[in-house]
Amino acid sequence: MASQKDAFRSIVTAAINEFKNQKSVEGEAVSPDSVRVENPPKPEMGDLGAPMFTLAKAFHMAPSAIAQGVAKIISDAAAAGKSLGGENPASLGTFAPVGPYVNVKLNKANASADILMAIAAQGDNYGSLDEAGNAPLKGRKVMVEYSSPNTNKPLHLGHMRNDALGESVSRILKKAGAEVFRTNIINNRGVHICKSMLAYKLFHEPKGETPETLHMKGDHFVGQCYVEFDRYAKEHPEAAQQAEDMLVQWEQSKPGDELYTLWEKMNGWAISGVKETYERTGVGFEKLYFESETYLKGKEEIVKGLEKGLFFRAADGSVRVDVTEAVGKGKDGEDHEKVLLRKDGTSVYITQDIGTAIYRHSDWAFNQLVYVVASEQIFHFKVLFYILRKLGFDWAEKLYHLSYGLVNLPSGRMKSREGTVVDADDLIDSLHADALKAIQDKGRDEAVGSPDEVAEKVALAALHYYLLQVAPVKDMLFNPEESLSFNGNTGPYLQYMGARIASILRKAGEQGLEPDSGDAALALLTHESEWALTKKLAEFPRLVAKAADALDPSLMANYLYDVCKSFSAFYRDCPILPVAEKEPLLARARLCLASCTLTVLKNAMHLVLVPFLDRM
């Protein structure tokens with residue numbers, strides 16, 4: 001409702017300034033930018049409202065009294081056929097004071113035409129704030145880091161929430177006008193990697209086993225090695241030290257060395273498998289960073305900081321930093337210290353994060369870098385940002401940790417080293433199989449075209465929507481059965497509604513009935529259900545801006561569900577094809593509303609990684 005909001009703001013601003021003159025209030029004229037426009041909580045209160053709270057001090061009046069005075073000026077102008085702020089109050093709607101607000105009940109015919117014509121004209125671009133001429137994020141360069149897999153195991157359910165959040169946030173930010181650069185740090189070095197390498201040398205290399213000979217995805221094979229190491233370590237206490245010794249040897253090795261060659265081979269297996277899963281789930285990146293390529297830069301900066309006295313060498317030989325200023329004192333009341341280099345000189349996780357951040361800003365000078373990482377790492381990022389500021393990087397103020405809660409199955413928490421992780425590929429395969437069975441049980445094989453392709457898209461919709469409908473900050477349980485339901489607040493339900501609208505439009509086309517977006521047709525859309533749906537569609541650009549500002553895809557997910565519910569009520573109350581013979585213009589107008597609903601559904605579904613289906 002951008003144009004109605006702009007007209008409403010102009011009218012209210014002009015009326016405020018006229019009332020200001022009447023009351024001889026000193027000071028500069030009120031500008032349109034200072035007039036906030038809101039949506040009243042109840043439809044009977046109006047469609048748009050402007051609060052008068054901020055004027056109380058200057059006017060020396062109660063906000064409700066100001067609202068009454070401003071509303072009277074507008075009503076008088078409408079009755080006299082006069083304009084305010086270059087707009088016609090009478091054509092916009094009926095104005096009235098509601099407590100401390102000046103509200104308007106919009107002229108449904110004019111407003112509906114304006115909203116639906118904008119959607120029909122913009123199509124796929126509807127909701128893109130830059131297209132609407134209102135892009136608060138235009139010119140902002142936002143880098144988003146997400147996924148961050150380890151090359152000792154495949155992606156699991158936790159990664160799926162991370163990937164869905166990162167990809168969805170990236171799409172929403174782009175829709176809001178930002179320039180987005182998606183990155184991923186591949187954690188391909190460290191003790192955990194060495195554990196998989198040791199297990200491979202112990203249990204598979206002697207037999208010449210590889211992912212190819214065992215017919216396994218590479219990441220699954222390497223993950224199996226990691227689980228095997230944990231079992232081995234329970235009976236061989238020396239295993240942990242062997243892994244640490246291997247890490248020291250690896251950091252001293254170079255290309256061509258036996259250990260380095262083994263590391264390259266197993267990394268290749270793991271990364272190729274992970275990339276297959278990315279392709280399957282629709283997740284992508286502009287650049288991949290590798291810990292093996294960035295940790296040395298981190299070590300270099302830490303050594304410089306040590307020389308400058310920013311860090312210190314502890315009694316055990318490790319290099320540390322006092323981070324009490326960033327995180328406060330510990331439970332015992334002592335200062336917090338963070339290890340930056342182990343006593344043997346090897347780096348820790350934060351070492352590579354320091355180097356990676358420096359490389360990233362050098363590669364692409366962002367205005368903001370968003371790290372999508374679980375809430376378990378809140379302390380880590382407080383420390384990371386503090387260290388980067390301490391090192392003198394002013395862009396460290398632009399770093400943000402998008403923290404999200406853990407995700408588990410009803411059966412309990414996952415642990416990769418014990419082999420209880422829910423593998424991402426296995427989970428999607430299971431959802432796919434259940435969706436395919438549902439299609440077959442309903443006898444929809446031929447109707448949907450390709451049952452296998454449809455089942456895959458239903459599986460992805462079930463997974464992504466379920467993970468995104470919950471606010472990121474919350475922990476959650478993923479229930480596969482609930483996620484696949486075609487009723488209620490689920491991805492498959494959104495797909496069903498989209499397919500249903502597409503079917504209505506196809507049937508109308510077969511009868512020679514096409515949507516009409518002309519003024520005469522859209523002026524007929526005055527039923528409350530038509531108006532409720534139209535207003536809901538008009539909210540899409542605002543929801544894009546709100547979700548982008550909050551970095552919260554759940555706002556978009558819940559909006560989608562609201563759109564579907566509004567369409568269902570509209571379709572129940574306002575028949576389309578049944579009225580075509582007697583009222584063809586009304587039928588075509590309602591078809592336009594249905595078509596615009598489909599446009600909004602498609603655009604919004606893309607933002608939350610729910611594939612659109614025109615047949616189900």
Full working for salt bridge (Lys or Arg N to Asp or Glu O under 4.0 Å) between K299 and E251
CA-CA 12 Å; K299 291 180 72 171; E251 290 202 5; 3.4 Å; yes
Report yes or no: do [X] and [Y] form a side-chain donor-acceptor pair below 3.5 Å?
| X | Y | answer |
| --- | --- | --- |
| D353 | H380 | yes |
| E209 | T213 | no |
| Q469 | N489 | yes |
| R36 | T54 | no |
| S128 | K175 | yes |
| D552 | S554 | yes |

Mind checking what makes side-chain hydrogen bond (donor to acceptor under 3.5 Å, both in side chains) contact with [X], not counting sequence neighbours?
| X | value |
| --- | --- |
| S292 | N188 |
| H220 | D423, D425 |
| Q368 | none |
| E167 | Y146, R171, R182 |

Give the ring-plane orientation class for [X] versus [Y], where under 30° counts as parallel, over 60° as perpendicular and anything between as tilted.
| X | Y | value |
| --- | --- | --- |
| Y232 | F229 | tilted |
| W395 | H361 | parallel |
| H204 | F221 | perpendicular |

Listed once per pair and sorted, the side-chain hydrogen bond (donor to acceptor under 3.5 Å, both in side chains) pairs that draw on residues 309-324, sequence neighbours left out
D316-S318, D316-R320, S318-R320, R320-E337, D322-T324
Spell out, as yes or no, whether a donor-acceptor pair under 3.5 Å connects the side chain of [X] to the backbone of [Y].
| X | Y | result |
| --- | --- | --- |
| K217 | G273 | yes |
| R161 | G405 | yes |
| N187 | S148 | yes |
| Q495 | K457 | yes |
| S362 | I358 | no |
| Y465 | A557 | yes |
| T351 | L340 | yes |
| S430 | D426 | no |
| N408 | G158 | no |

Look up atom [atom1] in [X] and atom [atom2] in [Y], then write down how far apart they are to the nearest 0.5 Å.
| X | Y | atom1 | atom2 | answer |
| --- | --- | --- | --- | --- |
| L460 | T281 | CG | OG1 | 7.0 Å |
| L543 | I172 | CG | CD1 | 9.5 Å |
| R389 | L384 | CZ | CG | 9.5 Å |
| Y400 | E145 | OH | CD | 14.5 Å |

Could you go through D245 and Q241, starting from their C-alpha distance and side-chain angles, then the distance that decides it, and tell me whether this counts as side chain to side chain donor-acceptor pair (under 3.5 Å)?
CA-CA 6 Å; D245 292 343; Q241 187 59 52; 2.9 Å; yes
From the options Q352, R189, E291, select the one residue that forms a side-chain hydrogen bond (donor to acceptor under 3.5 Å, both in side chains) with S347.
R189
Distance-minimising heavy-atom pair for [X] and [Y]:
| X | Y | value |
| --- | --- | --- |
| A164 | H464 | CB-CD2, 4.1 Å |
| A548 | L137 | CB-CD1, 3.9 Å |
| G139 | N367 | O-OD1, 3.5 Å |
| M266 | S196 | CE-O, 3.5 Å |
| A462 | P492 | CA-CD, 3.8 Å |

Are any of the side-chain nitrogens in [X] or [Y] under 4.0 Å away from the carboxylate oxygens of its partner?
| X | Y | value |
| --- | --- | --- |
| D363 | K287 | yes |
| K174 | E179 | no |
| R231 | E228 | no |
| E300 | K297 | yes |
| D344 | R342 | no |

So which of L262, N152, V222, T151 actually passes side chain to side chain contact (heavy atoms under 4.5 Å, CB included) with N267?
T151
Please confirm whether [X] and [Y] have ring centers closer than 6.0 angstrom.
| X | Y | answer |
| --- | --- | --- |
| F612 | H606 | no |
| F285 | Y278 | yes |
| W269 | Y200 | yes |
| Y371 | F381 | yes |
| Y466 | F478 | yes |

Test E307 against K304 for salt bridge (Lys or Arg N to Asp or Glu O under 4.0 Å), laying out the working first.
CA-CA 5 Å; E307 293 172 351; K304 288 180 181 177; over 6 Å; no
Yes or no on side chain to side chain contact (heavy atoms under 4.5 Å, CB included) for K254 and Y260, after CA distance, side-chain angles and deciding distance?
CA-CA 6 Å; K254 57 184 184 298; Y260 197 93; 5.6 Å; no
Does the side chain to side chain contact (heavy atoms under 4.5 Å, CB included) test come out yes or no for L391 and L310, once each step is laid out?
CA-CA 8 Å; L391 287 169; L310 301 176; 4.0 Å; yes
Looking at K398, I want to see if its NZ is surrounded by more than 12 non-hydrogen atoms of other residues, nucleotides or ligands under 6.0 Å.
yes
Run the side chain to side chain contact (heavy atoms under 4.5 Å, CB included) check on T183 and L288 step by step: do they pass?
CA-CA 6 Å; T183 67; L288 300 179; over 6 Å; no
Before giving the answer on side chain to side chain contact (heavy atoms under 4.5 Å, CB included), spell out for L259 and M246 the whole-Å C-alpha distance, their side-chain angles and the decisive distance to 0.1 Å.
CA-CA 9 Å; L259 184 60; M246 179 178 276; 4.0 Å; yes
ring-ring contact (aromatic ring centres under 6.0 Å, His included) pairs, two or more places apart, involving residues 299-319:
none
